[in-house]
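Residue numbers start at 1 and run along the sequence shown. The structure displayed is predicted, hence computed values, not measured ones.
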Amino acid sequence: MSVRDPQPVERQLPTEEARDLLALVREIAQREIAPRAAEEEDAGRFPREIFTLLSESGLLGLPYAAEYGGGDQPYEVYLQVLEELAAARLTVGLGVSVHTLASYALATHGAKRQQVEHLPAMLGGGLLGAYCLSEPSSGSDAASLRTKAVRDGDEWVIDGTKAWITHGGIADFYTVMARTGEEGPRGITAFLVPGDAPGLSGAAPEKKMGMKGSPTAQVHFDGVRVPDDRRIGEEGQGFSIALSALDSGRLGIAACAVGVAQAALDEAVRYATERRQFGRPVADFQGLRFMLADMATQIEAGRALYLAAARLRDAGRPFAKQAAMAKLHCTDTAMKVTTDAVQILGGYGYTADFPAERYMREAKVLQIVEGTNQIQRMVIARHVAGPEGR
């Protein structure tokens, strides 16, 4: 068996424009992102200049309308861009997914005047967004959030704390879900809050086992005043907006998970074809060959699953069940594949000299963010067997 690099991913893309776009993304990933990923993750450095480059290249607003600075790309294409970015560095791929999630409420539920005023800067003006739903005491039970927005004339005054916020403390804008009425999901409203608003502050970033370059922090709102023209949608509509955003966001997480898994498989193949034991490459041994075959099969299945859900979304059909399935399968696959990659590399896999251990640490968070995989199973079961307690 000859030593060779892993084969490139065979992608099904709908247009020549999409193929050119993926080629551009791959070039940026290989030239600007991947070479510095290990060093910067180890140092806990957030690559803001990369996001500026992505914005200048038209890659921060791909699924949104071109009239506001977006790329007018279907999710089928956007998600494959995320996969390529995440394979190079998860901090970047997940960051783009979160920015897209933060832009969702305004892009889909905002008034025309709001979209004209704010979206161009959000999608192509170098800004970076954050999505604020979770709180210290309301994670999976998001409808129990306590952050309040109280009306004061033509303004709203927001008080409370959001938790586990990607880009917390460094974002230029925050899409914030706050309670404006009764308890439960019907009393929640969405707001677009500028990152430099007086009274808004970010806590020290959490110390995480992976994704150290991506800041995750609590965000505090202490009497933050927001004009009513930054309220998105109707009062009490915020929770339904949030859930709709998460259906799309889960597809972003699924694509990122496939990217990490693909990177881990590529590293395992590279090592197994170069490493020789007993006079031949270890990739010649059936035990490892079967591991590589299983890894490749699960990755391909995950890619097909998230793309099938994306095509439903692009066609305007319901896709919530498929989004939950994709998030569940792809992130579980990423955890399994990255663990197997460490095993294939043996002792080297457990060292920071090779990227396999970083991929394994990063894969774990994907089973947690934007709805744990236990929550995904609940969502899927409701679609399959109906709601609980009927």
- Message: I want to check something: taking the side chain as every heavy atom from C-beta on, are Thr166 and Pro215 in contact at a cut-off of under 4.5 Å?
- Response: no
- Task: Report yes or no: does His220 contribute a side-chain atom to a donor-acceptor pair with the main-chain N or O of Thr161 at less than 3.5 Å?
- Result: no
- Tell me, please, which residues at least two apart from Tyr350 pass ring pair (Phe, Tyr, Trp, His ring centres under 6.0 Å). none
- Message: Looking at Arg26 and Glu84, is any side-chain nitrogen of the basic one under 4.0 Å from a carboxylate oxygen of the acidic one?
- Response: yes
- Query: Taking atom types as modelled and ignoring hydrogens, do the side chains of Thr180 and Thr189 form a donor-acceptor contact shorter than 3.5 angstrom?
  - Reply: yes
- Query: Can you tell if the side chain of Leu128 reaches within under 4.5 Å of the side chain of Val98, non-hydrogen atoms only?
  - Reply: no
Tabulate below the donor-acceptor pairs under 3.5 Å that side-chain atoms of residues 14-24 make, not counting sequence neighbours, or state none.
residue, atom, partner, partner atom, Å
Thr15, OG1, Ala18, N, 3.0
Glu16, OE2, Arg19, NE, 3.2
Glu16, OE2, Arg19, NH2, 3.2
Glu17, OE2, Gln73, NE2, 3.3
Arg19, NH1, Leu13, O, 3.3

- Message: Do Ile50 and Leu85 land in one hydrophobic cluster if side-chain heavy atoms of ILVMFWY residues count as linked below 4.5 Å?
- Response: yes
- Task: Quick one: pull up CG in Leu60 and CG in Leu53 and give me the separation to the nearest 0.5 Å.
- Result: 9.5 Å
- Message: Checking Phe354 now: which residues fulfil ring pair (Phe, Tyr, Trp, His ring centres under 6.0 Å) with it, not counting sequence neighbours?
- Response: Tyr348
- Task: Identify the two heavy atoms, one from Ala102 and one from Ala130, that lie closest to each other, and give their separation to 0.1 Å.
- Result: CB-O, 3.4 Å
- Message: Check whether Arg151 reaches the backbone of Gly153 with its side chain - one donor and one acceptor, N or O, closer than 3.5 Å.
- Response: yes
- CD/Gln343: more than 12 non-hydrogen atoms of other groups inside 6.0 Å: no
- Side-chain contact test, heavy atoms from C-beta onward, threshold under 4.5 Å: evaluate it for Pro198 versus Val224 and give yes or no. no
- Item | Ser134 (side chain) donor-acceptor with Trp164 (main chain) under 3.5 angstrom | no
- Among side-chain atoms of Asn373 and Thr331, is any donor-acceptor pair under 3.5 angstrom? yes
- Task: May I ask you to check whether Tyr104 and His99 place their ring centers less than 6.0 Å from one another?
- Result: no
- How about Lys208: does its NZ atom have over 12 heavy atoms from other parts shown lying under 6.0 Å from it? yes
- Query: Does the side chain of Gln298 come under 3.5 Å of the side chain of Asp294 through a donor N or O and an acceptor N or O?
  - Reply: no
- Message: Rounded to the nearest 0.5 Å, what separates atom OG1 in Thr216 from atom NE2 in His167?
- Response: 8.5 Å
- Task: Side-chain contact test, heavy atoms from C-beta onward, threshold under 4.5 Å: evaluate it for Phe173 versus Val193 and give yes or no.
- Result: no
- Criterion salt bridge (Lys or Arg N to Asp or Glu O under 4.0 Å) on Glu83 and Arg11, from CA distance to verdict: CA-CA 11 Å; Glu83 183 189 329; Arg11 299 200 178 277; 3.1 Å; yes
- Check: Val269 main-chain N/O paired with Thr273 side-chain donor or acceptor under 3.5 Å: yes
- Answer yes or no: is there a donor N or O on one side and an acceptor on the other, between the side chain of Arg276 and the main chain of Gly279, under 3.5 Å? yes
- In sequence, state the C-alpha distance, the side-chain angles, and the governing distance for Arg361 and Glu357, and then conclude on salt bridge (Lys or Arg N to Asp or Glu O under 4.0 Å). CA-CA 6 Å; Arg361 288 186 287 106; Glu357 61 84 30; 2.8 Å; yes
- Query: If we ignore angles and hydrogens, is there a donor and acceptor under 3.5 Å between the side chains of Gln80 and Arg303?
  - Reply: no
- Item | Atom CZ of Arg317 with >12 non-hydrogen neighbours under 6.0 angstrom | no
- Partners passing ring pair (Phe, Tyr, Trp, His ring centres under 6.0 Å) against Tyr78 (at least two apart in sequence or in another chain): Tyr75
- With side chains defined as the heavy atoms from C-beta onward, is the minimum distance between Met122 and Leu192 less than 4.5 Å? yes
- Task: Can you run down the ring-ring contact (aromatic ring centres under 6.0 Å, His included) pairs that involve residues 109-142, sequence neighbours left out, and say none if there aren't any?
- Result: none
- Item | Common cluster, Leu79/Leu62, ILVMFWY with side-chain heavy-atom separation under 4.5 Å | yes
- Task: Please list, chain by chain and in numerical order, all residues satisfying ring pair (Phe, Tyr, Trp, His ring centres under 6.0 Å) with Tyr174, sequence neighbours excluded.
- Result: none
- Nearest heavy-atom approach of Pro47 to Thr91 is CD-CG2, 3.9 Å
- Query: salt bridge (charged side-chain N to carboxylate O under 4.0 Å, His left out): which pairs involve residues 117-139, sequence neighbours left out?
  - Reply: Glu135-Lys162
- Message: Under the salt bridge (charged side-chain N to carboxylate O under 4.0 Å, His left out) definition, can you give me all pairs with a residue in residues 244-255, not counting sequence neighbours?
- Response: Asp247-Arg250
- Message: Suppose we screen for side chain to side chain contact (heavy atoms under 4.5 Å, CB included). Which residues come up paired with Asp72, at least two apart in sequence or across chains?
- Response: Ala65, Ala66
- Query: Is a salt bridge present between Glu182 and Arg186, judged by a nitrogen-to-oxygen distance below 4.0 Å?
  - Reply: no
- Any side-chain heavy-atom pair of Glu362 and Met209 under 4.5 Å: no
- Message: Checking Lys212 against Glu41 for the salt bridge (Lys or Arg N to Asp or Glu O under 4.0 Å) test, could you report, in this order, the C-alpha distance in whole Å, the side-chain angles of both residues, the deciding distance, and whether it holds?
- Response: CA-CA 5 Å; Lys212 296 179 181 179; Glu41 284 298 321; over 6 Å; no
- Message: Donor-acceptor pair, distance only, cut-off 3.5 Å: does the side chain of Arg179 make one with the backbone of Ala143?
- Response: yes
- Item | Lys336/Asp332 salt bridge by N-O under 4.0 Å criterion | no
- For Asp141, does its backbone N or O pair with a side-chain atom of Ser144 as donor and acceptor, under 3.5 Å? yes
- Task: State whether the side chain of Gln30 and the backbone N or O of Glu27 hold a donor-acceptor pair below 3.5 Å, judged by distance alone.
- Result: no
- Does a side-chain N-to-carboxylate-O contact under 4.0 Å join Asp314 and Arg311? no
- Task: Would you indicate whether the side-chain heavy atoms of Ser201 and Phe221 approach each other to under 4.5 Å?
- Result: no
- Query: For Ile368, does its backbone N or O pair with a side-chain atom of Thr372 as donor and acceptor, under 3.5 Å?
  - Reply: no
- Task: Please name the pair of heavy atoms, one in Ile158 and one in Ala149, separated by the smallest distance, quoted to 0.1 Å.
- Result: CG1-CB, 4.0 Å
- Message: With heavy-atom distances below 4.5 Å as the criterion, would you say the side chains of Arg230 and Pro194 are in contact?
- Response: yes
- Query: Sequence neighbours excluded, which residues qualify as side chain to side chain contact (heavy atoms under 4.5 Å, CB included) partners of Pro355?
  - Reply: Glu267, Arg358, Tyr359
- Query: Do Met378 and Met325 belong to the same hydrophobic cluster, where Ile, Leu, Val, Met, Phe, Trp and Tyr are linked whenever their side-chain heavy atoms lie under 4.5 Å apart, directly or via other members?
  - Reply: no
- Using the salt bridge (charged side-chain N to carboxylate O under 4.0 Å, His left out) rule, collect all pairs that involve residues 44-71, keeping only residues at least two apart or in two chains. Arg36-Glu49, Glu40-Arg45, Arg45-Glu49, Arg48-Asp172, Glu67-Lys112
- Query: Is Glu370 paired with Lys327 through a side-chain N to carboxylate O contact shorter than 4.0 Å?
  - Reply: no
- Item | Ala217: side chain to side chain contact (heavy atoms under 4.5 Å, CB included) partners, not counting sequence neighbours | none
- For Ala293, does its backbone N or O pair with a side-chain atom of Thr297 as donor and acceptor, under 3.5 Å? yes
